[in-house]
Novice: 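To start, I am sharing the structure in question, which I have written as C-alpha cells.
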2 protein chains.
Amino acid sequence: MEMTERKKRILRAIVESYIATAEPVGSKAVAQLAGLDVSSATIRNEMADLTEMGLLEQPHTSAGRIPSATGYRLYVNELMGEHQLSMQETQRINDALEMKIEELDRVIDRAGKVLSKISDYPVFSMTEVKDIVTVRRYDLLMVEENAFIAVVMTDTSVVKNKIIRIPDGLSEPQLQMLSTILNSSFTGLSREQMAQALEKMADHSTPGAFRLISMVVEFAIEVLGELRRQTVHTAGITQLLEHPEYKSLDKAKPLMRFLSDDETAQLPIPFDGSQNMNILIGPENVNEAFRDTSVVMASYDIGDNMRGVIGVVGPTRMDYAKVTARLSYFADSLTRMFGKGELPPPASKDDFEA
Amino acid sequence: MEMTERKKRILRAIVESYIATAEPVGSKAVAQLAGLDVSSATIRNEMADLTEMGLLEQPHTSAGRIPSATGYRLYVNELMGEHQLSMQETQRINDALEMKIEELDRVIDRAGKVLSKISDYPVFSMTEVKDIVTVRRYDLLMVEENAFIAVVMTDTSVVKNKIIRIPDGLSEPQLQMLSTILNSSFTGLSREQMAQALEKMADHSTPGAFRLISMVVEFAIEVLGELRRQTVHTAGITQLLEHPEYKSLDKAKPLMRFLSDDETAQLPIPFDGSQNMNILIGPENVNEAFRDTSVVMASYDIGDNMRGVIGVVGPTRMDYAKVTARLSYFADSLTRMFGKGELPPPASKDDFEA
DNA sequence: TTTAGCACTCGGGGAAACGGAGTGCTAAAC
DNA sequence: GTTTAGCACTCCGTTTCCCCGAGTGCTAAA
C-alpha cells in the first residue's frame with residue numbers, strides 16, 4: 001500500500017488534532033480538519049488503510065484513531081510544519097536567559113527551569129566534558145597568619161578557590177615557594193598524574209611542606225573531578241501531571257520517580273551527537289519508564305571543551321513542532337551565551353568557608 | 001469536660017493508628033490498641049466525648065474517628081513519645097551529610113534532597129542573612145595581557161572570584177594600584193554605600209581606571225546581593241504522591257504547584273525564631289495550599305551570620321514523632337557541620353568563565 | 001459506670017442498564 | 001474504480017441501583 005498525498009494529509013490532521021485534544025479522532029472530525037472535500041465514509045476507508053500500515057491505532061473498536069509511534073515518527077520526519085516562534089516567545093526566552101553571574105552548574109539548573117516553564121513539560125539537562133581538563137595555574141593569597149586562599153585555574157578557564165587553614169602559620173616567602181612548586185610540578189596533568197606526582201613527592205620533601213602541597217593539590221584534583229563529573233539536573237517534574245495521559249497516577253509515578261532520581265541514576269538517555277536535535281518517540285526509548293513517553297533533546301556547546309544536552313520529556317502526544325522550535329532556539333541561545341557571546345557569559349563565581 | 005488520663009490514652013492510640021494506616025479508627029480497634037481493659041462500648045462513649053471536645057472527627061456517621069487538627073496539636077504537645085533514632089538512621093544521616101567541598105547554595109540543596117529521602121516527604125529549605133555583609137578584601141591576579149581574576153572576600157569569609165577581561169591590557173603596577181584603591185575605598189561598606197562611593201569616584205578619576213574599578217566593585221555588589229538574597233530550595237516534591245491523602249490529584253496538585261514554584265514565590269512560611277523546632281498543623285498554616293498539610297521546620301546556624309531553615313511538608317497525618325526526631329538531629333548536624341565543626345565544612349569553591 | 005445488644009446510617013463496590021460515538025460493511029451513485 | 005449514504009453492531013464511560021459491612025448511638029441490664 002502506498003502513501004498517497006491524501007493519506008498524509010489525513011495522518012497529519014489526526015496527529016495534530018490528537019496533540020491538541022488528547023481525544024481519539026473520528027472520521028467525521030478528520031473530514032473537516034483535513035480540508036479534503038470528501039465524505040467521512042471515504043476518510044474511514046483511508047483510515048482503515050493507515051491503521052493497516054501501522055501508522056494509526058484504535059484504542060478499541062468503536063473509538064476514533066490515535067497515532068502510533070511510527071505515525072508520530074512519520075509526522076515528525078515529513079509532515080510537521082516549521083513552528084515559528086513569535087516575537088514574544090523569543091523575547092521571553094532571551095529575558096529568561098539573562099542571568100546574573102552564576103556558576104556553571106547553577107546556570108544549567110536555571111536554564112532547565114526556564115525551559116520547563118516555557119515548554120510546559122519536565123526538562124532534564126546534563127553536561128559532559130569532551131577532553132581531559134588540567135590545571136593551568138595556581139595562585140595563593142595570604143589571608144591571615146594561619147590561612148590562605150588557593151586559587152586554581154584550569155586550561156578551560158574555570159577558576160575555583162578554597163580557603164586553606166594551616167595551624168602552624170606561614171610566611172610570605174614560604175607561600176611564594178609553595179606557589180612555585182605547585183606551578184612547576186602540578187600543572188598540565190591529569191588527575192591520575194597529579195596523584196602520582198604527589199605520591200612521588202612525598203618521599204623527598206619535608207613533612208610540613210608536603211602537607212601544604214597535598215592540601216592544595218587535593219583540592220585541585222577535586223575541582224577537576226567535579227568538572228568531569230557528568231551532572232544531571234531535572235526541573236518541572238510536576239508539570240507531567242498537567243497532561244491528561246498522566247492523570248492516572250499509575251502512569252505518572254514510575255516516570256516521576258525516575259526523573260526525581262537525579263544525581264543517583266545517571267539518566268541513561270543516549271544522545272546521538274551527530275545531530276543537534278534528537279527525538280525519541282515512545283518505544284524508541286530503551287528505558288522502561290519512557291515507553292509511553294517522548295523525549296526531545298538538543299545539545300549546545302559550553303566553551304570549547306564541554307557540551308551540554310538539554311531535553312524535554314512529555315507524552316508521545318507532544319506538540320513536536322512547538323517543542324522542537326523552542327528547544328532549538330533555546331539551545332542556540334545557550335551556545336551563544338556560553339560562547340564569546342553577545343549574551344553575558346556565566347561569569348566566574350564564588351565560594352564559601354564558614 | 002475534662003481531659004482524663006484514659007481519654008489521653010485513647011486519643012494517642014487513635015492518632016498513632018491513624019498515622020500508621022491512614023484509615024479511620026473504630027472503637028473496637030482502639031479497645032485493643034490503647035491497652036485499656038475495657039469494652040468497645042466504653043471506648044465509644046469516650047470517643048464521643050473526644051469528638052465533642054473537638055479532638056476527633058468523623059468522616060461520616062458510620063466510620064471510625066480520625067484526629068482533628070487540635071487533636072494532632074495535643075498529641076504533638078503532650079502525648080507524643082520521644083522517637084529514638086536507631087544507629088542506622090544516625091549513620092545514614094551522617095553519611096549523607098559527608099559532603100565534598102561545595103558551595104553553600106549547593107550544600108543546602110543537597111541537604112534538602114537527603115532529608116527528603118530520609119523522611120519520605122518533600123522538603124524545603126531556605127537561608128537568610130542575619131546582618132549586613134561587607135567586603136573585607138580584594139585580590140587581583142593577572143592572568144594574561146588582557147584579563148585578570150578578581151577575588152573578593154567578605155567579612156563572613158565567603159570568597160568569590162571572577163575573570164575580568166580588559167580590551168586595553170594592563171601592567172602589573174597598574175593592577176597593584178587598582179588593588180590598593182579597591183582595598184582602601186571599597187571595603188567594609190554596604191551595597192548602597194559602595195554604589196555611592198563608586199558614583200562619587202566617577203568624577204575625579206580617569207575614565208580608564210574608573211571602568212576597571214567599577215567592574216570589580218559591581219561584581220562585589222553582586223556577590224553581596226547574592227549572599228543576602230533569601231533562597232528557597234525544594235526537594236522530593238514527588239514524594240507527596242506516595243501518601244494516600246494525595247492520591248487524588250486534585251489534592252496533590254495545588255500543593256505541588258506551590259512547592260515547585262521555588263525561586264519565584266518565596267515560601268511565605270513564617271518561622272518562629274524563638275524556638276528551634278516549629279510545627280504547623282493543617283489549618284494552623286496561613287497559606288491556602290497548606291490547609292490539609294503539616295509542616296515541621298527546624299533552624300540551624302551557618303557560621304555566625306547566617307541562619308538556615310529546613311522543613312518537612314506532609315499530610316496532617318504525619319509521623320510527627322519520627323519526623324521531629326530526624327529533623328532535629330539533622331539540623332544539629334548541619335549546625336555542627338557549618339560550625340568550626342568536626343564534619344568537614346562546606347569549603348570554598350569555584351567559578352567559571354567561558 | 002460499664003457492658004451487651006440492637007437498630008440504624010452511610011459509604012464503597014459490584015452488577016446491570018443506558019446512551020452515544022464511531023466503526024465496518026454493503027449497496028447504490030457517480 | 002471511487003465515493004457516498006445507510007445501517008447494524010461494538011464497546012466504552014456513565015449512571016443507577018442494590019447490597020454489604022463496619023461502626024455508631026442508644027437503651028436497658030449488670
Side-chain angles (χ1 to χ4, degrees), chain A residues 1-7 9-11 13-15 17-18 20-68 71 244-245 247-248 250-251, chain B residues 1-7 9-11 13-15 17-18 21-68 71 244-245 247-248 251:
Chain A
M1 189 149 340
E2 63 191 318
M3 194 66 194
T4 63
E5 199 54 41
R6 190 167 74 182
K7 283 197 172 54
R9 290 188 67 164
I10 291 172
L11 176 59
I14 291 175
V15 171
S17 165
Y18 187 64
T21 65
E23 298 287 335
V25 192
S27 53
K28 211 165 166 190
V30 175
Q32 295 194 312
L33 290 169
L36 298 167
D37 223 8
V38 292
S39 77
S40 64
T42 312
I43 302 281
R44 270 205 292 287
N45 289 329
E46 294 284 52
M47 283 167 78
D49 289 352
L50 287 167
T51 308
E52 202 182 327
M53 293 162 78
L55 296 169
L56 293 180
E57 285 172 358
Q58 246 175 324
H60 53 265
T61 335
S62 82
R65 302 296 209 291
I66 64 177
S68 71
E245 22 273 290
K247 76 173 190 292
S248 127
D250 307 335
K251 297 282 176 194
Chain B
M1 189 151 339
E2 64 192 317
M3 194 66 195
T4 65
E5 200 53 42
R6 191 167 73 181
K7 281 196 173 57
R9 291 188 65 164
I10 291 172
L11 176 58
I14 291 174
V15 170
S17 164
Y18 186 64
T21 66
E23 299 287 336
V25 192
S27 51
K28 210 164 167 188
V30 175
Q32 295 191 314
L33 291 169
L36 297 168
D37 224 7
V38 292
S39 77
S40 64
T42 313
I43 302 282
R44 269 204 291 288
N45 289 328
E46 295 283 52
M47 282 166 80
D49 289 354
L50 286 167
T51 308
E52 203 181 330
M53 293 161 78
L55 297 168
L56 293 180
E57 285 172 0
Q58 247 176 322
H60 51 265
T61 334
S62 81
R65 302 297 210 290
I66 64 176
S68 71
E245 20 275 289
K247 75 173 190 294
S248 126
K251 298 282 177 196

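Quick note on labels: first sequence line is chain A, next is B, and so on, each numbered from 1. Just so we're clear, the structure is a prediction, and the values are computed from it rather than from any experiment.
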Novice: Taking all non-hydrogen atoms of both residues into account, name the closest pair between E46(A) and I10(A) and its distance.
Specialist: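 For E46(A) and I10(A), the tightest heavy-atom pair comes out as CB-CD1, 3.5 Å.
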Novice: For the helix from dT1(C)-dA30(D) to dC30(C)-dG1(D), how many degrees between its two end axes (five pairs per end), to the nearest 10°?
Specialist: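 Comparing the axis at each end, I get an angle of 20°.
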Novice: Sequence neighbours left out, what passes side-chain contact (heavy atoms from CB on, under 4.5 Å) with A41(B)? Give chain and number order.
Specialist: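 So A41(B) forms a side-chain contact (heavy atoms from CB on, under 4.5 Å) with S39(B), R44(B).
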Novice: Decide side-chain contact (heavy atoms from CB on, under 4.5 Å) for L50(A) and M3(A); before the verdict, give the C-alpha distance in whole Å, the side-chain angles of both, and the deciding distance to 0.1 Å.
Specialist: CA-CA 9 Å; L50(A) 287 167; M3(A) 194 66 194; 4.0 Å; yes
Novice: For residues 54-67 of chain B, run the donor-acceptor check on the side chains, cut-off 3.5 Å, and write out each pair with its distance to 0.1 Å, sequence neighbours left out.
Specialist:
{"unit_1": "Q58(B)", "atom_1": "NE2", "unit_2": "T61(B)", "atom_2": "O", "d": "3.0"}
{"unit_1": "R65(B)", "atom_1": "NE", "unit_2": "T51(B)", "atom_2": "OG1", "d": "2.8"}
{"unit_1": "R65(B)", "atom_1": "NH2", "unit_2": "T51(B)", "atom_2": "OG1", "d": "3.3"}

Novice: Please identify each residue that fulfils side-chain contact (heavy atoms from CB on, under 4.5 Å) with K251(A), with sequence neighbours left out.
Specialist: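 Y246(A), S248(A), D292(A).
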Novice: So where does chain B start and stop touching DNA chain C, 5' to 3', when the test is distance under 4.0 Å to a non-hydrogen atom?
Specialist: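 Contacts span dT2(C) to dG11(C), reading 5' to 3'.
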Novice: Nearest-Å distance, NZ (K28(B)) to C1' (dG21(D))?
Specialist: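 From K28(B) NZ to dG21(D) C1': 12 Å.
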Novice: Which residues in residues 39-51 of chain A have a heavy atom closer than 4.0 Å to any atom of DNA chain D?
Specialist: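 Output list: S39(A), A41(A), T42(A), R44(A), N45(A).
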Novice: Going through the checks in order, is the side-chain contact (heavy atoms from CB on, under 4.5 Å) test met by R6(A) and T42(A)?
Specialist: CA-CA 11 Å; R6(A) 190 167 74 182; T42(A) 312; 3.6 Å; yes
Novice: Taking only residues two or more places apart in sequence or in another chain, which ones pass side-chain contact (heavy atoms from CB on, under 4.5 Å) with A31(B)?
Specialist: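 Testing A31(B) for side-chain contact (heavy atoms from CB on, under 4.5 Å), a comparison that skips the adjacent residues, returns I43(B).
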Novice: Please identify each residue that fulfils side chain to side chain donor-acceptor pair (under 3.5 Å) with T4(B), with sequence neighbours left out.
Specialist: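 For T4(B) there are no side chain to side chain donor-acceptor pair (under 3.5 Å) partners, ignoring immediate neighbours.
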Novice: Quick check on K28(B): does its NZ atom have over 12 non-hydrogen neighbours (other residues, nucleotides or ligands) under 6.0 Å away?
Specialist: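 Atom NZ in K28(B) is not crowded, with 12 or fewer foreign heavy atoms closer than 6.0 Å.
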Novice: For T21(B), what residues pass the side-chain contact (heavy atoms from CB on, under 4.5 Å) criterion, not counting sequence neighbours?
Specialist: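 Only S17(B), E23(B) meet the side-chain contact (heavy atoms from CB on, under 4.5 Å) criterion with T21(B).
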Novice: With a 4.0 Å heavy-atom cut-off, tell me which residues in residues 54-63 of chain B come close to DNA chain C, sorted by residue number.
Specialist: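 Per residue number, the list reads H60(B), T61(B), S62(B).
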